[in-house]
Every structure is written in structure tokens, then in C-alpha cells.
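One structure below.
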Amino acid sequence: MKIIFATQNQNKLIEIKNLISSSYSILSLNDINCKKEIEEIGLTLEANAKIKADFVRFKYGLNCFSDDSGLEIDALNGAPGVLSARYSGPEKDNEANIRKIWSELNGNSNTKARFRSVFFIHLNNKKYCIEGQVEGNIIFEKRGTGGFGYDPIFIPKGYNKTLAELGPIEKNKISHRAQATKQFQKILNDNIKNIY
Ligand code: ITT
């Protein structure tokens with residue numbers, strides 16, 4: 001069964017392909033030749049996830065899902081949150097985003113943060129919105145070469161390595177995206193049961 005993942009982010013695509021059973025074929029926007037930069041004008045992860053999935057559903061009429069994700073830092077009142085990709089400007093400059101976070105935290109001892117991932121799903125004329133989270137702490141140096149985005153500055157709770165140091169196998173056991181994908185897999189499996 002084919003399902004479209006409404007993303008331009010290759011890192012998310014790779015992670016999800018490794019998490020979802022291979023009996024489902026996950027196609028990205030690129031794979032269906034959709035070059036449109038979907039405007040993420042929502043004020044929440046839920047709103048932006050719905051905007052991205054609705055775009056594909058209404059333009060192509062296909063089963064699809066989206067992932068709007070972000071890093072929420074307690075000492076910054078939940079920022080960068082829904083602005084995670086563009087925290088320092090529209091260029092989605094990851095290095096500049098990290099520098100902005102460090103500068104705003106300014107050595108604050110409260111480094112508590114979490115990644116959240118919200119999926120909006122259109123499947124067989126039904127809609128679902130689900131979420132995964134991972135708690136952790138921000139550090140003031142970059143560590144590790146794996147993952148993407150803020151992974152080198154985020155240490156998940158109970159670990160002493162960043163998500164970038166843990167590598168893809170460990171990250172995919174504990175990440176916000178892994179938690180959301182577990183629920184998504186269950187929804188897919190339940191739908192298959194209903195079809196046959
Ligand atoms: P799409 O909208 O095309 O899916 P995007 O990168 O713009 O791709 P988001 O709007 O959801 O996606 O932005 C999420 C940002 O949050 C992302 O660009 C990263 O900077 C950060 N982020 C999300 N998940 C992450 C992860 O697993 N590790 C590190 N950073 C992550």
C-alpha cells in the first residue's frame with residue numbers, strides 16, 4: 001500500500017522509512033513530483049501538520065500524512081516550537097538556529113526541553129492527529145555527527161549522549177518521531193484489518 005509523506009525533509013523521510021513496516025511504500029513530495037513549498041502559517045504543530053496533509057489530500061486525493069515537529073525549551077517559554085525550522089529566519093539555517101538558542105539561553109541553568117512530533121493522517125477517508133515526545137536537556141556545545149537539526153545539542157533524559165551521538169538505531173528507539181510512528185503503524189495495521 002502506498003502512502004504519501006507530505007515532507008521536503010529528507011532526514012525525516014529516511015527516519016520514517018526505517019520505522020514503518022516495509023509492506024507500506026512511503027513516497028515523499030519529491031517522489032510524486034510535487035515541488036510546492038507548502039506555506040506553514042499555523043500557530044501550532046497541529047495546525048501546520050494539518051495544513052501539509054490537507055494540501056496533499058485535496059490536491060492529489062491520496063492517502064497521506066505529515067509530520068510537524070519542533071523543539072520546545074522551557075526557559076524560552078516553549079521556543080523555538082512551531083518556528084523550529086526557521087527560528088533565525090526563512091533560510092532554515094540550522095547553524096544559525098542553534099546559535100540563536102544558545103544566545104537566548106545565555107548560560108541559563110534550566111536547560112529542560114523536549115522534541116514533539118505531530119502527525120496528521122488522511123487514511124481511507126478518515127483523519128487522525130497523533131503525537132510523540134521525547135524529554136531531555138540542551139547543551140552548550142555540539143556533540144555527534146548523526147541525525148539532523150537540533151540533534152547535536154539535545155541529550156535525551158536518562159542518557160549522557162546527544163541524539164546525534166546515539167546514532168540512527170538508538171534515536172529510532174526513543175525519538176519523538178519514533179513514538180508517533182508507533183501509533184501511526186497501529187493505525188495502518190487496523191485499517192488493513194478493516195479492508196480485508
Ligand atoms: P517539512 O515541513 O517539509 O516536513 P521541515 O524541516 O520544514 O520539513 P518542520 O516544519 O516540521 O519540518 O520543522 C521541524 C524542524 O525542527 C526541523 O527543520 C528541525 O530543525 C527540527 N527537528 C524536527 N525533528 C527533529 C529531530 O528529530 N532532530 C533534530 N531536529 C529536529
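Numbering of ligands and ligand atoms starts at 1, following listing order.
With ring centers used as reference points, Phe120 lies 6.0 Å or more from Phe65.
Per-residue contacts place Asp68 under 4.0 angstrom from the following atoms of ligand 1 (heavy atoms of the residue considered): 9 (P), 10 (O), 11 (O). Those atoms of ligand 1 that come under 4.0 Å of a heavy atom in His176, given as number and element, are 24 (N), 25 (C), 26 (C), 27 (O). Against a heavy-atom cut-off of under 4.0 Å, Gly149 is close to the following atoms of ligand 1: 29 (C), 30 (N). For ligand 1 and Lys52, the ligand atoms under 4.0 Å from any heavy atom of the residue are 1 (P), 2 (O), 4 (O), 10 (O), 11 (O).
Protein heavy atom at the shortest distance from atom 23 (C) of ligand 1 is Ser69 OG, 3.2 Å. At the shortest separation from atom 18 (O) of ligand 1 among protein heavy atoms lies Ala85 CB, 3.5 Å. Remark: minimum distance from atom 28 (N) of ligand 1 to any protein heavy atom is reached at Asp151 OD1, 2.6 Å. The shortest contact between atom 24 (N) of ligand 1 and any protein heavy atom is with Arg177 NH2, 2.9 Å. For atom 7 (O) of ligand 1, the nearest protein heavy atom (residue, atom name, distance) is Lys92 NZ, 2.8 Å. When only non-hydrogen protein atoms are considered, atom 10 (O) of ligand 1 lies nearest to Glu40 OE1, 2.9 Å. For atom 1 (P) of ligand 1, the closest non-hydrogen atom on the protein side is Thr7 OG1, 3.4 Å. The protein non-hydrogen atom at the shortest distance from atom 6 (O) of ligand 1 is Asn9 ND2, 2.9 Å.
Neither side chain, Thr7 nor Asn9, offers a donor N or O lying under 3.5 Å from an acceptor on the other. In the model, Asp67 has a side-chain atom that pairs as donor or acceptor with a side-chain atom of Ser117 under 3.5 Å. Side-chain N/O atoms of Tyr128 and Asn191 include a donor and acceptor closer than 3.5 Å. A donor atom on one side chain and an acceptor atom on the other are not found under 3.5 Å apart for Glu15 and Asn11.
Around atom 21 (C) of ligand 1, the closest heavy atom drawn from Tyr150, Tyr87, Phe154, Phe5 belongs to Tyr150. Comparing heavy-atom distances from atom 27 (O) of ligand 1 across Lys171, Glu15, Lys12 singles out Lys171 as nearest.
Counting heavy atoms closer than 4.0 Å to ligand 1, residue Asp67 contributes backbone atoms (N, CA, C, O) but none from C-beta onward. Both the backbone and the side chain of Phe148 come within contact range of ligand 1, each with a heavy atom under 4.0 Å.
Taken to the nearest 0.5 Å, the CZ atom of Arg177 stands 6.0 Å off from the NZ atom of Lys12.
Salt bridge annotation for Lys92-Glu40: absent, with no cationic side-chain nitrogen under 4.0 angstrom from a carboxylate oxygen. With salt bridges taken as basic N to acidic carboxylate O contacts below 4.0 Å, none links Lys157 and Glu135.
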Subject >> Evaluation steps, salt bridge (charged side-chain N to carboxylate O under 4.0 Å, His left out), between Asp74 and Arg114 >> reply: CA-CA 8 Å; Asp74 285 359; Arg114 73 204 51 77; 3.0 Å; yes
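Taking hydrophobic clusters as Ile, Leu, Val, Met, Phe, Trp and Tyr residues chained together by side-chain heavy-atom distances below 4.5 Å, Phe154 shares a cluster with Leu76.
Distances from ligand 1 to the non-hydrogen atoms of Arg86 include no value under 4.0 Å.
Counting heavy-atom neighbours within 6.0 Å of Glu39 CD, excluding the residue itself, gives a total of 12 or less.
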